[in-house]
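Written out below as structure tokens is the structure these notes cover.
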Amino acid sequence: MIEFLTNPVVVTVLLTIAGVGIVVELFSSKFGIAGFIGVFALIIFFYVHFQAGLAGFGTIILFVAGILLIFLEFFLPGAIAGTLGVAALILSLFLAGQNALQIGVSILIAIAVSFFVFFLMIKTFGKKLVLFNKMVLSETARKEDGYVSNINRTDLLGMEGRTLTILRPAGTIIINNERVDAVSEGGFIEKNAEVKVIKVEGARIVVREIQ
């Protein structure tokens with residue numbers, strides 16, 4: 001049985017099943033049957049290679065760490081855990097393989113089939129990548145919903161007031177008993193000087209001293 005399961009063709013099939021299972025799980029919000037089948041195929045791969053003396057305990061530990069990191073990706077924000085998990089899995093596969101070239105070809109075939117299934121799920125079945133939705137900002141802050149990036153004080157344009165603090169060039173002015181943050185046109189303006197609003201750029205109010 002070990003000799004059969006370590007055959008390059010069977011190894012390719014096991015890795016392909018594992019890859020497809022993981023890809024299908026990318027479209028699921030929870031870890032389901034496809035993920036368990038994929039992980040089980042990997043467990044069979046490492047078990048038979050361990051029994052054949054091709055994989056040591058270090059390789060098994062690396063494999064388990066990869067699985068745990070991929071599993072944590074379902075609960076942690078970002079893609080760091082998942083990326084490290086996939087890298088650990090691929091490295092453990094190479095370490096467990098009897099021949100680096102054969103295992104490399106098997107991994108490439110498994111990846112190619114997995115990518116095919118990935119695009120098939122999106123293009124043919126119209127599935128959405130649920131797993132990585134938490135990494136993407138899907139909501140938009142619209143003005144209609146009450147979101148405003150900043151207050152536009154165009155109502156102050158042309159109005160006159162006086163400086164409450166020194167403007168060098170930023171400071172505070174008083175217009176109609178309202179404290180307003182403003183900047184001078186470029187020069188230094190003393191406290192209690194008469195000023196006029198000459199420009200409004202969003203929340204930025206530019207004033208000029210009245211001579």
Side-chain angles (χ1 to χ4, degrees), residues 1-140:
M1 181 61 70
I2 291 174
E3 183 179 356
F4 170 74
L5 292 176
T6 53
N7 183 277
V9 176
V10 178
V11 166
T12 303
V13 173
L14 287 174
L15 295 182
T16 301
I17 292 174
V20 171
I22 293 174
V23 164
V24 173
E25 279 303 311
L26 296 179
F27 298 89
S28 175
S29 58
K30 295 181 180 179
F31 199 76
I33 297 176
F36 281 113
I37 293 175
V39 172
F40 185 67
L42 287 175
I43 291 175
I44 293 176
F45 170 85
F46 281 100
Y47 176 75
V48 296
H49 281 78
F50 179 78
Q51 291 295 327
L54 299 173
F57 283 104
T59 305
I60 301 298
I61 292 174
L62 189 62
F63 161 69
V64 173
I67 292 296
L68 290 176
L69 286 170
I70 293 176
F71 183 74
L72 287 175
E73 181 63 33
F74 287 83
F75 306 98
L76 298 177
I80 298 177
T83 302
L84 292 175
V86 171
L89 273 181
I90 293 177
L91 181 58
S92 63
L93 291 174
F94 273 103
L95 293 175
Q98 186 174 5
N99 183 286
L101 180 60
Q102 288 180 351
I103 195 67
V105 171
S106 298
I107 292 174
L108 287 176
I109 293 174
I111 291 176
V113 174
S114 299
F115 268 111
F116 174 76
V117 173
F118 179 83
F119 287 109
L120 194 67
M121 294 283 285
I122 295 177
K123 298 296 183 180
T124 304
F125 298 102
K127 297 289 185 178
K128 293 184 178 180
L129 209 57
V130 177
L131 176 60
F132 296 118
N133 276 353
K134 59 179 179 242
M135 299 165 51
V136 181
L137 181 62
S138 56
E139 296 183 355
T140 57

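Keep in mind that this is a model prediction, so the values were computed, not measured. Basis for what follows: all heavy atoms, side chains included, without hydrogens, waters or symmetry-related copies.
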### Message
Just so I know, are the side chains of I103 and F45 near enough to count as touching, which here means a heavy-atom distance under 4.5 Å?
### Response
yes
### Query
Can you tell me how far the CD1 atom of I2 sits from the CG atom of N7, to the nearest 0.5 Å?
14.0 Å
#### Entry: From L108 atom CG to L15 atom CG, the distance as rounded to the nearest 0.5 Å
11.0 Å
### Query
Tell me the side chain to side chain donor-acceptor pair (under 3.5 Å) pairs involving residues 99-108, sequence neighbours left out?
T12-S106
### Inter- and intrachain pairs under side chain to side chain donor-acceptor pair (under 3.5 Å), touching residues 33-60, at least two apart
none
Could you pull out every donor-acceptor pair under 3.5 Å between side chains of residues 84-97 and any protein atom, sequence neighbours left out?
{"from": "S92", "atom 1": "OG", "to": "A88", "atom 2": "O", "distance (Å)": "3.2"}
{"from": "S92", "atom 1": "OG", "to": "L89", "atom 2": "O", "distance (Å)": "2.6"}

### Message
Using the ring pair (Phe, Tyr, Trp, His ring centres under 6.0 Å) criterion, which residues pair with F57? Sequence neighbours excluded.
### Response
F50
### Task
Quick one: list whatever passes side-chain contact (heavy atoms from CB on, under 4.5 Å) with I111, sequence neighbours left out.
I107, F115
## Note on the structure
Closest non-hydrogen contact found for L14 with L5 is CD1-O, 4.3 Å
### Query
If you measure from CZ on F63 to CG on L42, what distance do you get to the nearest 0.5 Å?
5.0 Å
### Task
Go through the structure and list residues passing side-chain contact (heavy atoms from CB on, under 4.5 Å) with V20, not counting sequence neighbours.
T16, V24, V113, S114, V117
